[in-house]
Amino acid sequence: MTEHHRVPVARPEVVRAWVDGWVRSRGADGAVEVPGGFRIAVGRTDQVARYVLPAADPAVLRRLSVALITPGLWLKVCAPRSAVEPALPASWEFQAPEYLMTAPLGRTPQGGTARAPGRAELPAVPDGLRDGLVPGAAPAPPPDPAVLPGGYVVETVAQGSTVDARAFAATGEVAAGGRVALAGTTAVFDQVRTDPAHRRQGLGRVVMTALAARAAQQGATQGVLVARDDGLSLYRAMGWELHSPVTTAVLRRRGTR
């Protein structure tokens, strides 16, 4: 994605919902407010903690770059890399760009069927799984489990404020899956992925649709997710819109310019 002259500015309430949903999805300790954003203790060797900032405030970034000394700390800044990089020393390693996206939870017009990108003849998706993420009435929950063309079976499991969806191949292996976590009336979609051997079957769309239906059933009216380049085409086709670019930087070593 190319950067435009007018870069979207993230709304604090959207970032807060993303943070709260991510914490619930990953089972992390609650987010703590810090100057300029939020801190989440993750506790992994490769990610000790992450700082999420709704904007690239140069003063905040410089203060953090001085105060943070432990390798494995992450920064997630809702801004393009060009706005973040000048404020950080060379000890911070930048990751691939990401995109904070939002969508209302609703139904595709007139129950349109899902179609995988690049496939001219994808078999029709069962009626209960046709709901998408565009403005409209809240979707009815799909049958669970739902049997799809090709022998795939999709199941959802709700536990507390999270819902997991998995698509199983006829062999029993997990072909695709994802999770949604509720933060108030916002549903935060996370860890949505399809096994490479099962791509281009429309499974990503089906997983997203099943999660959206369950989230709407529990009162969610808005969806939030963070996408990478390889997921943009799917999410845009389902009605998601860019809310803000997200720049990720990881502290690999303590150093100076």
A.B. asks: Given side chain to side chain contact (heavy atoms under 4.5 Å, CB included), test Leu53 with Cys78 step by step and report yes or no.
C.D. replies: CA-CA 6 Å; Leu53 310 180; Cys78 295; over 6 Å; no
A.B. asks: Once rounded to the nearest 0.5 Å, what's the spacing between atom CG of Leu251 and atom CG of Leu64?
C.D. replies: 11.0 Å
A.B. asks: Go through the steps for Leu203 and Arg205 under the test side chain to side chain contact (heavy atoms under 4.5 Å, CB included), then give the verdict.
C.D. replies: CA-CA 5 Å; Leu203 295 179; Arg205 180 187 289 266; over 6 Å; no
A.B. asks: Quick check: is Leu242 connected to Trp240 through a chain of hydrophobic side chains (ILVMFWY, heavy atoms under 4.5 Å apart)?
C.D. replies: yes
A.B. asks: Check whether any side-chain heavy atom of Val9 lies under 4.5 Å from a side-chain heavy atom of Ser244, and answer yes or no.
C.D. replies: no
A.B. asks: Assess the residue pair Val226 and Met101 against the criterion (side chain to side chain contact (heavy atoms under 4.5 Å, CB included)); give the C-alpha distance rounded to whole Å, side-chain angles, the decisive distance to 0.1 Å, and a yes or no.
C.D. replies: CA-CA 6 Å; Val226 173; Met101 306 185 79; over 6 Å; no
A.B. asks: Who pairs with Glu13 by side-chain contact (heavy atoms from CB on, under 4.5 Å), at least two apart in sequence or on another chain?
C.D. replies: Arg11
A.B. asks: Output the distance between atom CG (Asp190) and atom CH2 (Trp18), rounded to the nearest 0.5 Å.
C.D. replies: 10.5 Å
A.B. asks: Flag yes if Val42 and Val52 sit in one hydrophobic cluster, no otherwise; membership is Ile, Leu, Val, Met, Phe, Trp, Tyr, and two members link when side-chain heavy atoms are under 4.5 Å apart.
C.D. replies: yes
A.B. asks: Using side chain to side chain contact (heavy atoms under 4.5 Å, CB included), reason through Arg50 and Phe38 one step at a time and then give a plain yes or no.
C.D. replies: CA-CA 8 Å; Arg50 62 167 51 190; Phe38 308 94; over 6 Å; no
A.B. asks: Do Phe94 and Thr247 have side chains that get closer than 4.5 Å, going by heavy atoms?
C.D. replies: yes
A.B. asks: Do Arg81 and Pro97 come within less than 4.5 Å of each other through their side chains, counting heavy atoms only?
C.D. replies: no
A.B. asks: Please walk me through it: do Lys76 and Glu98 pass salt bridge (Lys or Arg N to Asp or Glu O under 4.0 Å)?
C.D. replies: CA-CA 9 Å; Lys76 293 270 187 178; Glu98 296 177 314; 2.6 Å; yes
A.B. asks: So, His243 versus Tyr99, ring centres under 6.0 angstrom or not?
C.D. replies: no
A.B. asks: Flag the pair Gln191 / Arg26 as yes when at least one side-chain heavy-atom distance between them is below 4.5 Å, and no otherwise.
C.D. replies: yes
A.B. asks: Quick one: closest heavy-atom pair of Pro58 and Ala87, and the distance?
C.D. replies: O-CB, 4.3 Å
A.B. asks: So does Asp20 pair up with Arg16, basic N to acidic O under 4.0 Å?
C.D. replies: yes
A.B. asks: Show the nearest heavy-atom pair for residues Leu225 and Phe189, with the distance to one decimal.
C.D. replies: CB-O, 3.8 Å
A.B. asks: Which heavy atom in Ser25 sits nearest to a heavy atom in Ala181, and how many Å separate them?
C.D. replies: N-CB, 3.9 Å
A.B. asks: Do Val60 and Leu88 share a hydrophobic cluster (ILVMFWY, side-chain heavy atoms under 4.5 Å, transitive)?
C.D. replies: yes
A.B. asks: Exactly one of Val246, Asp57, Leu61 should register a side chain to side chain contact (heavy atoms under 4.5 Å, CB included) with Val77. Which one does?
C.D. replies: Leu61
A.B. asks: What pairs meet the salt bridge (charged side-chain N to carboxylate O under 4.0 Å, His left out) rule with one or both residues in residues 170-184, with sequence neighbours excluded?
C.D. replies: Asp164-Arg179
A.B. asks: Would you say Val154 and Leu148 make side-chain contact, with heavy atoms under 4.5 Å?
C.D. replies: yes
A.B. asks: Can you give me the closest heavy-atom contact between Trp22 and Val188, atom names plus distance?
C.D. replies: N-CG1, 4.2 Å
A.B. asks: Where the side chain of Glu241 meets the backbone of Gly239, is there a donor-acceptor pair that is under 3.5 Å apart?
C.D. replies: no
A.B. asks: Looking at Leu182 and Ala215, what are the two nearest heavy atoms and their distance?
C.D. replies: CD2-CB, 4.0 Å
A.B. asks: Just wondering, do Val180 and Met208 contact through their side chains at under 4.5 Å, heavy atoms?
C.D. replies: no
A.B. asks: What heavy-atom pair brings Ala227 and Leu232 nearest, and what distance separates the two atoms?
C.D. replies: CB-CD2, 4.3 Å
A.B. asks: For Gln218, look at atom CD and say whether over 12 heavy atoms of other residues, nucleotides or ligands are found less than 6.0 Å away.
C.D. replies: yes
A.B. asks: Side-chain contact, heavy-atom cut-off 4.5 Å: Arg166 with Thr156?
C.D. replies: no
A.B. asks: Once you round to the nearest 0.5 Å, how far does CE of Met238 lie from OG1 of Thr209?
C.D. replies: 3.5 Å
A.B. asks: To the nearest 0.5 angstrom, please state how far the CZ atom of Arg39 sits from the CG atom of Leu73.
C.D. replies: 7.0 Å
A.B. asks: Consider only side-chain heavy atoms of I, L, V, M, F, W and Y, link residues closer than 4.5 Å, and tell whether Val224 and Leu234 are in one cluster.
C.D. replies: no
A.B. asks: Measure the spacing between CD of Gln201 and CZ of Arg199 and express it to the nearest 0.5 Å.
C.D. replies: 12.0 Å
A.B. asks: Could Asp230 and Arg228 be called an ion pair, given the rule that one side-chain N must be under 4.0 Å from one carboxylate O?
C.D. replies: no
A.B. asks: Look up atom CG in Leu75 and atom CH2 in Trp92, then write down how far apart they are to the nearest 0.5 Å.
C.D. replies: 4.0 Å
A.B. asks: Who passes side-chain hydrogen bond (donor to acceptor under 3.5 Å, both in side chains) against Thr162, sequence neighbours left out?
C.D. replies: none
A.B. asks: Is the closest side-chain heavy-atom distance between Asp29 and Ile40 below 4.5 Å?
C.D. replies: no
